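What follows is a short report on a single structure.
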Amino acid sequence: MKKRLFTPGPTPVPENVMLRMAAPIIHHRNPEFMEILERVHQDLQYLFRTTQPVVVMTCSGTGGMEAAISSLFTRGDKVITVNGGKFGERWGELARIFTGNCVEEKVAWGSAITTERMVELLKEHPGAMGVCITHSETSTGTASDVKALCAAIHEHSDALILVDGITAIGAHEFRFDDWGADICITGSQKGLMMPPGLALVAISERAQDVINNRKGLPQYYLSLKKALKSHAGNDTPFTPAVSLIIGLDEALQMVRAEGIENVWKRHEQLAEACRLGCQALGMELFSESPSYAVTAVWLPEGADWKQFNNTLKIENGITVAAGQDDFKGKIFRISHLGYYDELDMLTMLGGLERTFSMMGIPFEHGAGITAVQQAFLEA
Ligand SMILES: *Cc1c(COP(=O)(O)O)cnc(C)c1O
């Protein structure tokens, strides 16, 4: 059976990317590799819409988050974090461990923080040194309005803005320079159509100044100061994941060829089609502010998650992501992040229809795939 991956990380890897990574290994101080890294650095600036450095780190996305917190802040620094799901929660855990002074704002799962609430928080905590937000909260399929949040944070404070863009980069419009973010992180196995193993971290001028000049916490491997210093010479402080960086070069050429705005548009359309297809099968959407990277839906009424997931996976070859924490067994999540197209959404909805049939869940045959087709016709 053909296996199809619909999880929001790892995501499917295109064949041309896999082939590039299968070539014999080269040495990372070899001019051939440094040329590739230089191109990757430039293409990452294109991806993040920035003229500032975007460093490549050999670690998963969380390593990039830890690098940011531990490179920018020190003990006692007050950091505001927004927790609307597993990944917002992670910002809080990191801030607590490294600064010991975290103000965590809890938001109901499936909702995004409003700018009004953000402004209140900044007024309540005028000394906040940083604000950590999640652009696309993968655990709930929820997008927040990062552009508006950045504008509000700048208007009301001098706090550094740290954006977890791990499932937003390459799915949602994001403009690092124009919006005034200070840090934005993504990971290779999300919108970049790559295997796991790299974190990409964009760093503003203001953040670079803090990183380079403020005496902070003890650090070694995840130091952004070290990463920045090497970046300037198209180098890395330690042996990088050479094969992954070569694969990333290929993946970024694909993003360039399609055009970043077209990439965002495609994700918006895939997400819209996925939502309409799921609703046409009688399922309800989980998020009030749906992400373009991942769609979270409630399981059909009365369906047992284990049986549903087994039918989808074992009988139909489709892997989706389960709900987490309180929503385990209640919701599931469909990815359309990275290497997906219109026919993939038809396949996904077709797979759901087959699963419904096999489990005896009532639905209107063909309604899901018809809704997907209709969405693409209208787009
Ligand atoms: C996947 C993900 C992470 C964690 O990245 P890892 O690569 O698993 O360390 C963090 N934030 C968001 C929004 C994610 O989707």
Side-chain angles (χ1 to χ4, degrees), residues 5-13 48 54-70 81-95 97 104 107 109-113 131-146 149 161-172 174 181 183-202 221-222 240-241 244-245 247-248 251 267 271 286-287 289-296 319-325 327 331-340:
L5 188 61
F6 283 89
T7 54
T11 63
V13 180
F48 283 80
V54 183
V55 300
V56 180
M57 307 185 83
T58 298
C59 55
S60 81
T62 307
M65 296 167 76
E66 176 166 334
I69 294 271
S70 61
T81 67
V82 179
N83 172 0
K86 289 307 283 180
F87 296 109
E89 181 182 59
R90 190 162 300 178
W91 270 139
E93 287 168 355
L94 285 164
I97 286 172
E104 184 179 59
V107 178
W109 280 40
S111 315
I113 188 165
V131 179
C132 302
I133 53 181
T134 313
H135 195 167
S136 163
E137 175 50 78
T138 318
S139 61
T140 68
T142 301
S144 49
D145 187 348
V146 170
L149 288 170
I161 305 174
L162 287 73
V163 181
D164 172 351
I166 297 180
T167 54
I169 291 294
H172 281 264
F174 177 77
I183 293 282
C184 182
I185 304 141
T186 192
S188 52
Q189 80 278 25
K190 310 278 173 125
L192 282 169
M193 312 176 282
M194 287 277 300
L198 297 177
L200 301 315
V201 186
Y221 190 74
L222 295 178
L244 290 176
I245 291 175
L248 183 58
H267 283 82
F286 179 69
S287 178
S289 168
S291 163
Y292 296 163
V294 52
T295 296
T319 304
V320 293
Q324 293 173 284
D325 286 6
F327 299 96
I331 65 169
F332 68 100
R333 295 168 297 142
I334 302 166
S335 164
H336 22 77
L337 173 61
Y339 190 47
Y340 291 99

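All values derive from a computational prediction rather than experimental measurement. Every number for a ligand or one of its atoms is a count from 1 in the order of the listing. Numbers here simply count residues along the sequence, with the first being 1.
- Residue contact check: Q189 has heavy atoms under 4.0 Å from atoms 6 (P), 7 (O), 8 (O) of ligand 1.
- For the pair T134 and ligand 1, the shortest N or O to N or O distance does not fall below 3.5 Å.
- In this structure, S60 is part of the shell of residues with a heavy atom less than 4.0 angstrom from ligand 1.
- Within the 4.5 Å cutoff, the side chain of I169 has no heavy atoms near those of the K190 side chain.
- Ring pair H135/F174 is tilted by interplanar angle, where 30° to 60° counts as tilted.
- Remark: ligand 1 atoms within the under-4.0 Å shell around heavy atoms of T138 are 12 (C), 13 (C), 14 (C), 15 (O).
- Judged by the shortest distance from any of its heavy atoms, H135 lies outside the 4.0 Å radius around the atoms of ligand 1.
- Within the 4.5 Å cutoff, no side-chain heavy atoms of I133 are placed close to those of W91.
- Of the heavy atoms in I166, only side-chain atoms (C-beta onward) come closer than 4.0 Å to ligand 1.
- Shown are E89, E137, E93, E104; of these, the side-chain hydrogen bond (donor to acceptor under 3.5 Å, both in side chains) with N83 is made only by E104.
- Within the structure, ligand 1 lacks K86 among the residues with a heavy atom less than 4.0 angstrom away.
- In this structure a side-chain-to-backbone donor-acceptor pair under 3.5 Å is missing from R333 to G141.
- At a heavy-atom distance under 4.0 Å, no atom of E137 approaches ligand 1.
- In terms of N/O distances under 3.5 Å, ligand 1 is not approached by S136.
- Looking at T58, its side chain does come within 3.5 Å of a backbone N or O of A241 through a donor-acceptor pair.
- The ligand atoms of ligand 1 that sit less than 4.0 angstrom from a heavy atom of R90 are 4 (C).
- Every atom of ligand 1 with a heavy atom of K190 under 4.0 Å away is listed here by number and element: 1 (C), 2 (C), 3 (C), 14 (C), 15 (O).
- A heavy-atom distance below 4.5 Å is not found between the side chains of L5 and T11.
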